[in-house]
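Just so it is clear, the model here is predicted, and its values are computed rather than measured. All values below come from the heavy atoms of this structure, side chains included, with hydrogens, waters and symmetry mates left out. Labels below follow one simple rule: chain letters A, B, ... track the order of the sequence lines, proteins then strands, and each chain is numbered from 1.
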Number of protein chains: 2
Amino acid sequence: MATIEDVARRAGVSQSTVSYALSGKRPISAATRTRIEKAIAELGYRAHAGARALASARTDVIGLMAPLRTGVDVNVIMQFVAGVVTGAGRAGYDVLMLTQDEGSLARVTSSSMVDALVVMDVEDDDARLPALQALRQPSVLIGLPADPHGLSCVDLDFTQAGASAVRRLLAAGHRTVALIGSPREVVDRHTSYAERMTRGFVGACEAGGATHLVLPTPASAAGAVASVDTLLAQLPDVTGVVVHNEVALPHVISRFRERGRDVPGEVSVVAVCPENVATSLPVPVTSIDIPAEGIGQIAVDMLTALMRDPSMAEVRLVSPRLTERGSVRDLG
Amino acid sequence: MATIEDVARRAGVSQSTVSYALSGKRPISAATRTRIEKAIAELGYRAHAGARALASARTDVIGLMAPLRTGVDVNVIMQFVAGVVTGAGRAGYDVLMLTQDEGSLARVTSSSMVDALVVMDVEDDDARLPALQALRQPSVLIGLPADPHGLSCVDLDFTQAGASAVRRLLAAGHRTVALIGSPREVVDRHTSYAERMTRGFVGACEAGGATHLVLPTPASAAGAVASVDTLLAQLPDVTGVVVHNEVALPHVISRFRERGRDVPGEVSVVAVCPENVATSLPVPVTSIDIPAEGIGQIAVDMLTALMRDPSMAEVRLVSPRLTERGSVRDLG
DNA sequence: ATGAAAGCGCTAACAG
DNA sequence: CTGTTAGCGCTTTCAT
């Protein structure tokens with residue numbers, strides 16, 4: 001591998017001139033710049049990342065802690081990851097994947113492997129928050145803990161999403177509604193989005209005087225079937241359902257039909273899921289989009305802002321937008 | 001951040017002694033070792049990754065090129081990624097996520113950001129192969145190109161899987177069968193697993209004298225419905241179906257039922273998908289498991305072997321295993 | 001506008 | 001068993 005010294009020699013300049021030509025941190029005459037660029041091209045030179053990191057105390061790498069575990073919706077996760085990776089690429093960063101364990105956080109930060117962190121799957125009272133806050137490197141959470149500890153956060157406003165879905169059903173005249181939500185294990189570890197979704201749902205139901213039921217549901221066809229059956233047993237006159245469980249969604253709809261309740265004839269459905277899921281079902285479903293890829297990119301933007309100015313911490317909640325696709329029937 | 005020199009001073013030894021104590025590359029007396037460990041603990045010392053990489057020419061980072069694009073099955077992808085990340089963690093490596101573009105490959109290798117590479121979503125005649133082969137860093141492909149170019153490869157033996165699924169149906173007396181396969185765009189770019197699956201399927205059908213049809217199918221409910229309808233139109237007396245499309249699978253089954261063909265009463269199904277997908281459907285499905293996570297880990301094992309001895313290149317095809325779950329009916 | 005040179009923190013030869 | 005020291009390749013002052 002060619003070094004910066006090889007380039008300098010070939011271009012007939014000093015190392016520092018090459019370095020400055022590369023970084024643009026001081027003016028270089030057009031003639032010199034041309035010779036340097038030529039030498040770089042001829043040698044196929046690329047700065048050694050380790051050497052650069054050692055000298056500059058920057059790695060241009062972002063750590064990404066993503067839940068590679070079950071229960072969470074892999075499809076949504078992948079979209080977040082894709083957003084972070086492409087956003088990072090655009091900003092000149094690479095992405096180091098970290099596992100969920102506490103140890104990897106300390107390891108990559110204290111060995112200076114990463115300049116910053118994106119943390120997903122945040123719990124309401126997340127154990128990692130104090131550690132993150134104490135770090136030299138800035139971090140952005142995808143999710144919203146009960147107490148952000150001064151950390152930057154970004155997420156869809158799930159409270160609003162839950163409320164908005166309910167209000168859509170109420171406006172259509174529905175008075176008995178249910179939430180088919182995240183799997184029990186996700187709820188049990190107080191994952192931020194599940195809590196907020198439930199709060200928004202319940203709050204709007206109570207405000208609107210609607211009879212309601214919340215059903216944590218496994219991310220599987222069998223789980224969806226079981227939840228629908230439970231729902232029909234406990235709330236036989238249910239007419240409106242909010243589904244915040246991408247895997248269950250199609251099976252929820254087909255189970256209602258198997259049980260003789262047409263969608264949207266007898267039961268109206270509002271989903272909270274990525275747009276591509278809502279549109280690729282046999283029947284298009286009215287939904288609130290989870291703009292996962294966009295949020296991933298916003299997370300990176302916030303991170304670069306923080307690296308420029310560490311005082312820029314903020315909480316950003318993306319407002320939900322409901323798209324009509326005809327799966328809600330007006331009882332009016 | 002504490003440096004190795006801080007540790008050395010505090011322990012009353014030289015830098016190199018600390019370094020050797022850490023690497024275990026030469027014997028250290030118990031007493032010294034204890035003092036060093038104490039100093040490390042007290043200072044919370046961690047070696048600077050960049051400095052280490054510069055001095056040792058190793059980063060302990062593996063690059064992972066995964067398809068964050070549509071068409072491929074995100075669920076399966078995530079399982080591969082999870083396998084690579086956990087396998088890497090176990091072997092003492094971190095994982096750098098790379099996007100699919102040609103450029104990122106050259107960038108991370110020539111700047112010495114990674115020691116080795118795992119490449120997913122390999123196409124039959126993949127454009128990246130010559131570049132990979134020319135690299136200083138070893139690489140392992142998940143998938144099997146037409147010509148491996150001397151590179152290491154690992155994958156499920158999809159040819160066998162396709163053949164085995166067909167033979168199961170033939171053994172049960174089925175004579176008219178179809179393959180509901182990967183999306184058109186995946187097939188069109190000659191993705192290795194899709195090609196091999198089709199070959200195995202068609203080969204076994206021809207060998208067994210079965211009437212057959214191959215239907216590339218979008219990874220969506222709507223796509224599944226369309227494929228079933230097409231199938232019933234073109235091959236009305238079909239009795240056996242092989243499904244190699246995880247997203248479509250549940251919708252294929254329910255569409256058959258909607259069209260009056262019970263599964264497995266009228267139509268038998270063999271799926272090729274991860275085990276958790278086959279078992280979490282309303283009706284368990286006889287399937288050939290794609291051991292994605294295991295293959296990801298094997299890829300890392302092969303990589304560490306290659307780093308020890310670059311001449312260890314090999315192609316490993318994991319033999320498919322069919323698990324009965326009752327979705328194939330014996331026609332006697 | 002350019003050069004010389006001092007580190008950045010670690011590893012691994014070389015020397016005992 | 002331990003210490004001394006020469007780099008690894010780059011960035012960035014300090015000079016000019």
When we call it a touch if two heavy atoms are under 4.0 Å apart, what does B:T32 touch: a base, just sugar-phosphate, or nothing?
sugar-phosphate

Using OP1 and OP2 only, check whether a side-chain N or O of B:S29 sits under 4.0 Å from D:dC1.
no

B:R26 (side chain) and D:dG3 (base): donor-acceptor pair under 3.5 Å:
yes

Taking any heavy-atom pair under 4.0 Å as a contact, classify B:S56: base, sugar-phosphate, or nothing.
sugar-phosphate

Could you state the NZ-P distance from B:K25 to D:dC1, rounded to the nearest angstrom?
18 Å

How long is the line joining CD1 of A:I4 and P of D:dC10, in whole Å?
5 Å

Contact class for B:S16 (heavy atom, under 4.0 Å): base, sugar-phosphate, or nothing?
base

Just to verify, which of A:S16, A:S14, A:S19 counts as forming a side-chain contact (heavy atoms from CB on, under 4.5 Å) with A:I4?
A:S19

Hey, is the main chain of A:K25 close enough, under 3.5 Å, to the side chain of A:S23 for a donor-acceptor pair?
yes

Can you tell me how far C1' of D:dT11 sits from CD of A:E5, to the nearest Å?
15 Å

I'd like to know whether CG of A:D101 has more than 12 heavy-atom contacts from other residues, nucleotides or ligands below 6.0 angstrom.
yes

Do B:T86 and B:R90 meet the criterion of a side-chain donor-acceptor pair at a distance under 3.5 Å?
no

Has A:D126 got a side-chain atom pairing as donor or acceptor with A:E123's backbone, closer than 3.5 angstrom?
yes

Return the value, rounded to whole Å, for the distance between atom CD of A:Q15 and atom P of D:dT13.
16 Å

On DNA chain C, which is the earliest and which the latest nucleotide, 5' to 3', with an atom closer than 4.0 Å to a heavy atom of chain A?
C:dA1 to C:dG9

For atom CD1 of A:I28 and atom P of D:dT12, their distance in whole Å
14 Å

Toward the 5' end of DNA chain C, by each residue's nearest nucleotide, B:R52 or A:A55:
A:A55

For a 4.5 angstrom cut-off between non-hydrogen side-chain atoms, does B:V81 reach A:M97?
yes

Between B:L54 and B:G12, whichever has its closest DNA chain D nucleotide further toward 5' is B:G12

How many Å lie between OH on A:Y20 and P on D:dC10, as a whole number?
15 Å

For B:H48, is there any backbone N or O sitting under 3.5 Å from a side-chain donor or acceptor partner on B:R52?
no

